[in-house]
Number of protein chains: 2
Amino acid sequence: MDDGPRRPHTGRRRNDAAKEAILDATFRLLSDPGTDGVTIEAIAAEAGVGRQTIYRWWPSKGAVVADALARHARVVVPERDTGSFTADLAAFLTDSFAGLGNEDLANRLRQIVAEAQHDEHVARVLADFTAVRRTALRVLLERGRDAGELAAAADLDMLVDMAYGVLYYRLLVSHAPLDEQAARSLAAELARSAG
Amino acid sequence: MDDGPRRPHTGRRRNDAAKEAILDATFRLLSDPGTDGVTIEAIAAEAGVGRQTIYRWWPSKGAVVADALARHARVVVPERDTGSFTADLAAFLTDSFAGLGNEDLANRLRQIVAEAQHDEHVARVLADFTAVRRTALRVLLERGRDAGELAAAADLDMLVDMAYGVLYYRLLVSHAPLDEQAARSLAAELARSAG
DNA sequence: TATTTGTCGAGACTGAACGTCTCTGCAAAC
DNA sequence: GTTTGCAGAGACGTTCAGTCTCGACAAATA
């Protein structure tokens, strides 16, 4: 049934610059704390593009948002290796928490998590994003375990989830701050898993 | 300026039965995994009520949803006191995780968290709901600490957040299951904070 | 009992937003 | 130079939240 392309491509090609402009505009709007949920209309206007052009590249608003987020997902987690596992862990958590001290970023992440609950595209991006973060923390914990600062039997994946769990739990429920003191306390409790 | 009610109430009174029907209908619809986000229209139809009647009792859809949820929020957390702190903790976490094994409940909680991010009414309900849970777990941890099974210096609030953090993190990102093994491992890591 | 008052269900209406369709212009391949 | 398909613009259909209006009706009062 599907006989595929039966002749070479002709006609005008899609404009990659438009795609870039759309992604940039989307990300810019997502940062704006004022707008609660970005609209396609706003993205098109901000990018100086027709709505249809957006739907030529992506199947839905969620897909655009997901793509825009994904390309900025590689936020740098500074590599720490001061020799002291506890200090490295505390620094890692402090950095992670501090990033969300920026309310723009915190709002963005809240939006992503919310949207991921009913948009599979966003869910996929969030899954990839968090997986990268988990891996980074796990590497740190492995180093600590190999150095004998964590119990050999410790469930490192669970420890990772406990750490990021606190971050997301507090981000989404907002009952307690994600400040430096919290990071220190969390690091201390995690490190208490001493071998 | 506000001279208050200048005469006793007259006229037909609001129908409490309608209010009940609306709340019940809302909760029923929230459980339905098919509908992604309940509509006022659907609530009104399900309750056999006019839309305006809903807005006569609540200011917004979020408020209705929040109220419907709040009245069912008192899910029973069985009181455990077997004498063994570790066993009690494991049982508490196993119960908590098991509740979300029900996909209806898990979906509902996902919806609540998502909606809470941009609806203050829902956010309030979620905050109250989680606060009750945190208190229950904290009592359990205090007992463990008093029994010398947790370090005296342990930051119990942080431990509580680490526990519920794992629950919410896994619920929302879905990278790992909330099964009994997870509950056991989590209990073990928390209890490792031995004094 | 008759009047007043405010709720009832029903449905029209507004406004926001998603996503589709259509139009004219234009750029790239043939 | 013709064909093909993307460009931006905007009209359009649809869904949904929330408001407004209407005739019916129930409760309190006179």
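We name chains A, B, ... by the order of the sequence lines, and we start the count at 1 in each one.
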Undergrad: Can you pull the ring pair (Phe, Tyr, Trp, His ring centres under 6.0 Å) pairs that have at least one residue in residues 170-189 of chain A, sequence neighbours excluded?
TA: Y169(A)-H175(A)

Undergrad: By side chain to side chain donor-acceptor pair (under 3.5 Å), which residues pair with S174(A), not counting sequence neighbours?
TA: none

Undergrad: Can you measure W57(B) atom CH2 to dG6(C) atom P for me and round it to whole angstrom units?
TA: 16 Å

Undergrad: Can you tell me if E142(B) has over 12 outside heavy atoms packed within less than 6.0 Å of its CD?
TA: yes

Undergrad: Write out a two-atom table: protein N or O, nucleotide N or O from nucleotides 24-27 of chain D, distance below 3.5 Å.
TA:
none

Undergrad: What residues in residues 14-22 of chain B put a non-hydrogen atom under 4.0 Å from any atom of DNA chain C?
TA: R14(B), N15(B)

Undergrad: If a pair satisfies salt bridge (Lys or Arg N to Asp or Glu O under 4.0 Å) and one of its residues is in residues 163-172 of chain A, list it, with sequence neighbours excluded.
TA: R170(A)-D161(B)

Undergrad: Tell me which pairs pass salt bridge (Lys or Arg N to Asp or Glu O under 4.0 Å) where either residue lies in residues 110-129 of chain B, with sequence neighbours left out.
TA: E103(B)-R110(B)

Undergrad: Only counting residues at least two apart or in another chain, list the ones meeting side chain to side chain donor-acceptor pair (under 3.5 Å) with W57(B).
TA: none

Undergrad: Applying salt bridge (charged side-chain N to carboxylate O under 4.0 Å, His left out), can you list everything that pairs with D88(B), at least two apart in sequence or on another chain?
TA: R143(B)

Undergrad: According to salt bridge (charged side-chain N to carboxylate O under 4.0 Å, His left out), who are the partners of E20(B), at least two apart in sequence or on a separate chain?
TA: R71(B)

Undergrad: Suppose we screen for side-chain contact (heavy atoms from CB on, under 4.5 Å). Which residues come up paired with Y55(A), at least two apart in sequence or across chains?
TA: I40(A), Q52(A)

Undergrad: Nucleotide by nucleotide, 5' to 3', does protein get under 4.0 Å of the base (B), only the sugar-phosphate (S), or neither (-) in nucleotides 14-22 of chain C, counting heavy atoms?
TA: ---SSBBB-

Undergrad: Restricting to salt bridge (charged side-chain N to carboxylate O under 4.0 Å, His left out), what partner residues turn up for R134(B), sequence neighbours left out?
TA: none

